[in-house]
Amino acid sequence: MSQRKQVVIIGGGFGGLNAARGLDGADVDITIVDRENHHLFQPLLYQVATSGLSPGAIAVPIRSVVGRQPNTRVVLGEALGVDLTRKEVTLSSGATLRYDWLVVAAGAKTNFFGNEHWAQHTIGLKNLRDAIQIRERVLLAFEAAEQETDDATRKRLLTFVVIGGGPTGVEMAGAISELGRTVLADEYQRIHSSDIRVILVEMATRLLTPFRPDLSASAADQLRELGVELRLGQRVTDVTAAGAVVNGELIPASLVVWASGVQPVSLAQRLGVQLTRRGQVRVDGNCAVLGHPDVFCIGDMAAFIPAGATDALPGLAPVAIQQGRYVARTIRGDLRSMARKPFVYVDKGIMATIGRSRAVVQSGVLTTSGLLAWLAWGFVHIVYLIGFRNRVMVLFEWMWAYVTYKRGTRLVTHLPRGADALPSPHALAPAPGTTGPTSSSPR
Ligand SMILES: Cc1cc2nc3c(=O)[nH]c(=O)nc-3n(C[C@H](O)[C@H](O)[C@H](O)COP(=O)(O)OP(=O)(O)OC[C@H]3O[C@@H](n4cnc5c(N)ncnc54)[C@H](O)[C@@H]3O)c2cc1C
């Protein structure tokens with residue numbers, strides 16, 4: 001057993017990976033544990049779901065990111081729990097990892113707000129499996145609609161409901177509408193762009209509530225221009241095999257996408273530490289779990305309340321990235337017995353894209369929408385992507401799509417009734433009372 005101090009990092013997402021990279025060359029052994037073998041750039045997941053990017057463009061093996069860091073090893077596995085007294089992490093394999101410092105950065109999962117049974121009829125957007133499943137469902141719906149002769153069934157096949165008017169819902173609704181109207185409709189003889197219906201449902205009376213009201217209004221206008229039907233101030237009361245029930249009305253749909261929120265992964269509950277009402281881990285000004293200065297919790301899992309504020313920092317990539325870097329600096333300081341300095345978040349603003357040449361950006365007092373916002377959005381996402389190859393791939397795909405109006409990643413590898421069968425319209429949604437394709441998110 002190495003005599004060097006041990007740092008265990010649970011999660012190779014934005015927070016965990018930045019903590020590991022910040023400890024490159026430090027006099028510690030680092031172990032990153034992740035249940036996936038890849039780091040995922042979640043902000044572009046919706047583009048995989050709508051055939052704009054291939055999965056490989058937004059994911060990179062964790063090993064390849066830290067492969068040249070001699071003090072870092074990667075373990076593919078799920079952390080089941082932590083013994084805070086013995087300072088050990090237990091993995092699903094039964095193995096244990098001893099730590100001197102622990103960084104818990106395991107992120108969030110889809111939140112169905114107590115309606116977990118809806119998960120069998122809707123797909124969240126949290127990992128590549130979700131995105132690929134959405135992509136295949138949309139593409140198969142078009143294939144089935146092309147062959148369908150019954151009007152009502154055809155209408156249902158070409159109706160897509162997105163629940164949640166935050167950035168993910170806005171991006172998904174805009175991208176599905178754009179895919180259907182500007183790319184797919186052209187290629188099918190019997191489908192016209194006016195046949196396609198994309199409905200975005202939001203409980204609040206405006207979209208993108210963290211943004212200023214004028215930007216919310218701009219986003220709504222831009223979505224309407226793309227043909228998206230907005231149901232603002234309306235509540236989803238049920239999701240079934242037939243579609244979504246909104247304000248008591250059943251909207252028959254071939255696909256219901258759940259973009260309504262996230263909650264910390266269940267590991268948070270198994271830590272045995274103080275949680276907030278939302279289930280996030282309470283941390284102090286040094287991102288350390290209350291009463292456990294050697295255990296940091298960062299990113300989406302943690303509730304970090306800045307000094308003088310009442311609300312915790314939002315679940316955003318820059319929060320996780322900055323906290324990851326901060327934790328690395330703090331551990332380096334601990335090694336030299338330096339006093340800890342509190343974490344200070346530098347807020348550079350928020351942005352959401354709506355479609356081709358459409359976006360909204362809010363940074364301090366500066367706001368913009370439309371083409372300029374879209375270019376800013378694209379630039380920031382390219383800069384934050386991990387890996388040169390991924391940046392080049394994404395840039396190329398975007399330029400190609402911009403010039404040709406085509407989407408290159410339209411593969412369907414999973415046919416509902418076997419590889420020789422044509423998709424039946426009825427195979428796209430499970431029969432009432434049966435279990436259909438489920439999202440892999442709620443874990
Ligand atoms: C669809 C979508 C769009 C988004 N768009 C934006 C955006 O435009 N801008 C923005 O700033 N933010 C966006 N976000 C939020 C952003 O992605 C998160 O805030 C960020 O990923 C949080 O980083 P993290 O390190 O806390 O968690 P993550 O990046 O989610 O990483 C957590 C890691 O932990 C692993 N893990 C989980 N449980 C375990 C376990 N028990 N054992 C081992 N490993 C485990 C996971 O596999 C994962 O790799 C978006 C999120 C989603 C889902």
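Worth knowing before you read on, the calculation uses all heavy atoms, side chains too, and leaves out hydrogens, waters and symmetry mates. Order of appearance sets the numbers: ligands from 1, and atoms from 1 within every ligand.
Between Arg224 and Asp221 there is a salt bridge, since a side-chain N of the basic residue sits under 4.0 Å from a carboxylate O of the acidic one. No salt bridge links Lys5 with Asp27; every basic N to acidic carboxylate O contact stays at or beyond 4.0 Å. Residues Arg98 and Asp100 are paired through a salt bridge, judged by an N-O separation under 4.0 Å between the basic side chain and the carboxylate.
The residue from Ala19, Pro43, Ala268 that puts a heavy atom closest to atom 5 (N) of ligand 1 is Pro43. If you check each of Glu78, His38, Gln42, Met351 against atom 53 (C) of ligand 1, the one with the closest non-hydrogen atom is Gln42. For atom 32 (C) of ligand 1, the choice among Ala105, Gly124, Gly324, Gly12 with the nearest heavy atom turns out to be Ala105. Relative to atom 19 (O) of ligand 1, the option among Asn18, Ile321, Asp300 with the closest non-hydrogen atom is Asp300.
The shell of residues lying under 4.0 angstrom from ligand 1, judged by heavy atoms, includes Pro318. Look at Gly77 and you'll find a heavy atom under 4.0 Å from some atom of ligand 1.
Heavy atoms from other residues, nucleotides or ligands lying under 6.0 Å from CZ of Phe379 number 12 at most. Few gaps surround CE on Met393; more than 12 heavy atoms of other groups in view lie less than 6.0 Å from it.
When atom types are taken as modelled, the side chain of Arg137 and the backbone of Ser254 share a donor-acceptor pair closer than 3.5 angstrom. Without hydrogens or angle criteria, His39 side chain to Val60 main chain gives no donor-acceptor distance under 3.5 Å. Remark: side-chain polar atoms of Arg156 are not paired, donor with acceptor, to backbone N or O of Ala242 under 3.5 angstrom.
Considering both main-chain and side-chain atoms, Phe14 comes within under 3.5 Å of ligand 1 through a nitrogen or oxygen pair. For ligand 1, none of its N or O atoms has an N or O atom of Met301 under 3.5 Å away. Of the N or O atoms in Gly11, none lie within a sub-3.5 Å distance of an N or O in ligand 1. In terms of N/O distances under 3.5 Å, ligand 1 is approached by Asp34. Checked against a 3.5 angstrom limit, the closest N/O atoms of Arg35 and ligand 1 fall inside it.
The Gly299 neighbourhood of ligand 1 comprises atoms 26 (O), with distances under 4.0 Å to a heavy atom of that residue. Ligand-side atoms of ligand 1 in range of Gly107: 26 (O), 27 (O), 30 (O), 32 (C), range being under 4.0 angstrom from any heavy atom. Per-residue contacts place Thr168 under 4.0 angstrom from the following atoms of ligand 1 (heavy atoms of the residue considered): 1 (C), 2 (C), 3 (C). Listed by atom number, the atoms of ligand 1 under 4.0 Å from Glu36 heavy atoms are 47 (O). Near Gly315, the atoms of ligand 1 lying under 4.0 angstrom from a non-hydrogen atom of the residue are 15 (C), 19 (O). Close contacts of ligand 1 with Gly15, meaning ligand atoms under 4.0 Å from a residue heavy atom, involve 25 (O).
Between Phe160 and Phe142, the two ring planes are parallel [angle under 30°; tilted spans 30° to 60°].
Proximity of Ala106 to ligand 1, defined as any heavy-atom pair under 4.0 Å, is shared by backbone and side chain alike.
Judged as a side chain to side chain donor-acceptor pair (under 3.5 Å), the pairs with a partner in residues 158-179 (not counting sequence neighbours) are, in order, Ser177-Arg181, Glu178-Arg407.
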| query | Where do Val360 and Thr367 land on the side chain to side chain contact (heavy atoms under 4.5 Å, CB included) test, with the steps shown first? | reply | CA-CA 8 Å; Val360 287; Thr367 62; over 6 Å; no
